Amino acid sequence: MERETRRFVEEHPRSSLLFDRARASLLGGVPMNWMVRWSGPFPLFVREARGAHFTDVDGHRYLDLCLGDTGAMTGHSPEPVAEAVAAQVRRGITFMLPTEDAIVVGEELKRRFGLPFWQIAMTATDANRFAIRLARGITGRRLVLVFNGCYHGTVDETFISLSNGATVRKKSSFGPPVDPALTTRAIEFNDVPALEKALLPRDVACVLAEPAMTNVGMILPDPGYHDALREITRRTGTLLVIDETHTICAGPGGYTAAHGLLPDMLTIGKPIAGGVPAAAYGVSGDLAERAAAGIRVEDSDVSGIGGTLSGNALALAAMRAALERVLTPEFYHRTIPLAERFVAGVEETIRSSGLPWHVVRLGNRAEYQFRPTPPRNGSEAEAAMDLDLDRLLHLYCLNRGILMTPFHNMALIAPDTTPEDIDSHTRTFAEAVRELCG
Ligand SMILES: Cc1ncc(COP(=O)(O)O)c(C=O)c1O
């Protein structure tokens, strides 16, 4: 680690200088606090990016397997989005009035995800907050059920841990407004009896779930789990909100379309506008009627749902371009085989080195984890985490021109990623493992 840190510092003098300067005006030296969570002693400052690559201010070029932790899953500045944004930016950015693009986007989201009515938000965090509010307003129930190890944005209700079966505040949660036990019931993913027990009191407004967990390593649902989740939520009058923000990696209609899920609401953000901030949430016809009955037109601006910049013309132009011309079936035909190639390379190194690790894939997203078998829930996934090892592998890759996603060992494949790019990761990963194992 010392050797890799030394190399990083020596090779990035400009980023180092900029970070020193930034510390005088930006809290922590960065515009957003997560940007210090990279494995070097300072973050790289980016000069420019295109497709699957970016260049830093010291002139090094990187293969980007992080892609803004999914915000740039489309590749950086995809041409159709760049064109649409450039054209719209000169025709007005935000009006608090709709443009025709909004209808095209609504129709396309309806076609992809099956839910008939849509609203636009700025971020997936906002979409989840609004979905929770709708669920509470519609059901008159207070609690939200989430899974241990989940992440749905900075949504207070979701900053929880499980401790001996009890829902408690996540240790990292800074300044929570109330004890999350008052707002949230948490259980482990893939545990049907726990789900039934948690929902039977009929006091939970909604289950908020990623269809496959992607923020604590990757946890795929057991066969039949989603059928049980849908049956128990229906039986107990609990709404089911599926968060597709990351699992849009599974196909054009996310995991929902790929596996025939039937949620009451669906939320999505990050890559939906090709990197321009935007998000969306969809509701069933029944919920649309029940929500409309509860929010008077006179109160719509102070209902707790919506925001001045949400649904702005620029975001909708970008979203339309991303949906119509970037996140197409061809996008997945191109990226999924490359993700399979990534997995095969990592698997071969794990197998030949005998390390008790594994690698898992969903669509164009792959993740390796430090345990021999895929975890079935958040506790199992958390137990396999190793921050030191994470940091070392990330820095090792970074020093050799490859950016992995911080917080975990995730790689996302963009349409401009090439087979040679994937093979360069395979070689680097194998080299790191060889050095580690001696
Ligand atoms: C599944 C999921 N939902 C929502 C979010 C929140 O996205 P944002 O930070 O863009 O609001 C994230 C962020 O990582 C996420 O992984």
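Just so you know, these numbers come straight off a predicted model, no measurement behind them. Throughout, residue positions are numbered sequentially from 1 according to the sequence presented. Numbering of ligands and ligand atoms starts at 1, following listing order.
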Protein heavy atom at shortest distance from [atom]:
atom	answer
atom 7 (O) of ligand 1	A124 CB, 3.4 Å
atom 14 (O) of ligand 1	K270 NZ, 2.6 Å
atom 11 (O) of ligand 1	T125 OG1, 2.5 Å

Q: Would you kindly specify which portion of D243 sits under 4.0 Å from ligand 1, judged on non-hydrogen atoms: side chain, backbone, both or neither?
A: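 Within the 4.0 Å criterion, D243 contacts ligand 1 through side-chain atoms alone.
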Sub-4.0 Å atoms of ligand 1 with respect to non-hydrogen atoms of [X]:
X	answer
E210	1 (C)
T123	11 (O)
G153	4 (C), 5 (C), 6 (C)

Q) Quick one: does NZ or CZ of R400 land under 6.0 Å from the six-membered ring centre of Y396, within 45 degrees of the ring axis? A)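 Here R400 passes the 6.0 Å and 45° test against Y396.
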Q) Will you find, in the side chains of T267 and E244, an N or O donor that is under 3.5 Å from an N or O acceptor? A)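 Their side chains do not contain a donor-acceptor pair, so the 3.5 Å distance test is not met.
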Q: Sequence neighbours left out, what pairs pass ring pair (Phe, Tyr, Trp, His ring centres under 6.0 Å) with at least one residue falling in residues 235-254?
A: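 As it turns out, there is no ring pair (Phe, Tyr, Trp, His ring centres under 6.0 Å) pair with a partner in residues 235-254 once direct neighbours are skipped.
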Just say parallel, tilted or perpendicular for the rings of [X] and [Y], cut-offs at 30° and 60°.
X	Y	result
Y255	H259	parallel
Y368	F429	tilted
F8	F42	tilted

Q. Where is the tightest heavy-atom contact between R141 and G237, given as atom of each residue plus distance?
A.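 Scanning both residues, the minimum pair turns out to be NH1-O, 3.3 Å.
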Q: For ligand 1, find out whether one of its N or O atoms is nearer than 3.5 Å to an N or O atom of D69.
A: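 Among all N and O atoms of D69, none is under 3.5 Å from an N or O of ligand 1.
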Q | Nearest option to atom 16 (O) of ligand 1, as decided by whichever heavy atom of T245, N128, N215, L208 sits closest | A |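 When every heavy atom of T245, N128, N215, L208 is considered, N215 comes closest to atom 16 (O) of ligand 1.
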